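By convention here, the first residue in the shown sequence is residue 1. Everything numeric in this text was worked out from a predicted model, so none of it was measured.
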Amino acid sequence: MGVALDERGKGVGKALIQAAVAKAHARGLSRIELTVHSENQVAQSLYRSVGFVHEGTLRKAWYLDGQNFDVHLMAKLP
């Protein structure tokens with residue numbers, strides 16, 4: 001999920017994640033998982049604000065532009 005730079009800070013991301021969670025629950029899913037770049041504090045804060053919790057870290061899980069990055073695992077349970 002991503003939000004255009006000029007739309008950030010307007011609640012767009014929160015509305016998107018809340019809609020996705022609602023749709024998942026409507027389909028009977030009880031556990032929702034996501035991964036997020038370990039340095040993306042803004043996204044992590046957003047996910048925590050709607051009930052996701054940090055469950056672990058995958059070290060050097062993503063490779064981008066010649067660098068390895070850690071990835072956090074987050075989940076939301078009912």
Could you tell me whether the side chain of Val21 reaches within less than 4.5 Å of the side chain of Phe52, counting heavy atoms only?
yes
Of the non-hydrogen atoms in Leu5 and Arg8, which two are nearest, and what is the gap between them?
CD2-NH1, 3.0 Å
Kindly compute the distance separating CD1 (Ile32) from CG (Leu77), expressed to the nearest 0.5 Å.
9.0 Å
Does the pair Glu55/Lys76 count as a salt bridge with the N-to-O cut at 4.0 Å?
no
Can any side-chain N or O of Lys10 pair as donor or acceptor with the backbone N or O of Asp6 at less than 3.5 Å?
yes
Keeping the roles fixed (side chain from Asn68, backbone from Tyr63), state whether a donor-acceptor pair exists under 3.5 Å.
no
Sequence neighbours excluded, which residues qualify as side chain to side chain contact (heavy atoms under 4.5 Å, CB included) partners of His37?
Glu39, Asn40, Trp62, Phe69
Considering non-hydrogen atoms only, spot the tightest contact between Ala43 and Val36 and give its length.
CB-CG2, 3.8 Å
Is the shortest heavy-atom distance from the side chain of Asp70 to the side chain of Lys60 under 4.5 Å?
yes
For the pair Gln44 (side chain) and Ser38 (backbone), establish whether a donor and an acceptor sit closer than 3.5 Å, ignoring hydrogens and angles.
yes
Is the closest side-chain heavy-atom distance between Leu58 and Leu73 below 4.5 Å?
yes
Taking atom CE of Met74 and atom NE2 of His54, what is their separation to the nearest 0.5 Å?
7.5 Å
Please check if Leu16 and Val50 belong to a single hydrophobic cluster, counting links between Ile, Leu, Val, Met, Phe, Trp and Tyr side chain heavy atoms closer than 4.5 Å.
yes
Leu46 and Lys14, any side-chain heavy atoms less than 4.5 Å apart
yes
Any residue meeting side-chain hydrogen bond (donor to acceptor under 3.5 Å, both in side chains) with Gln67, in chain and number order, not counting sequence neighbours
none
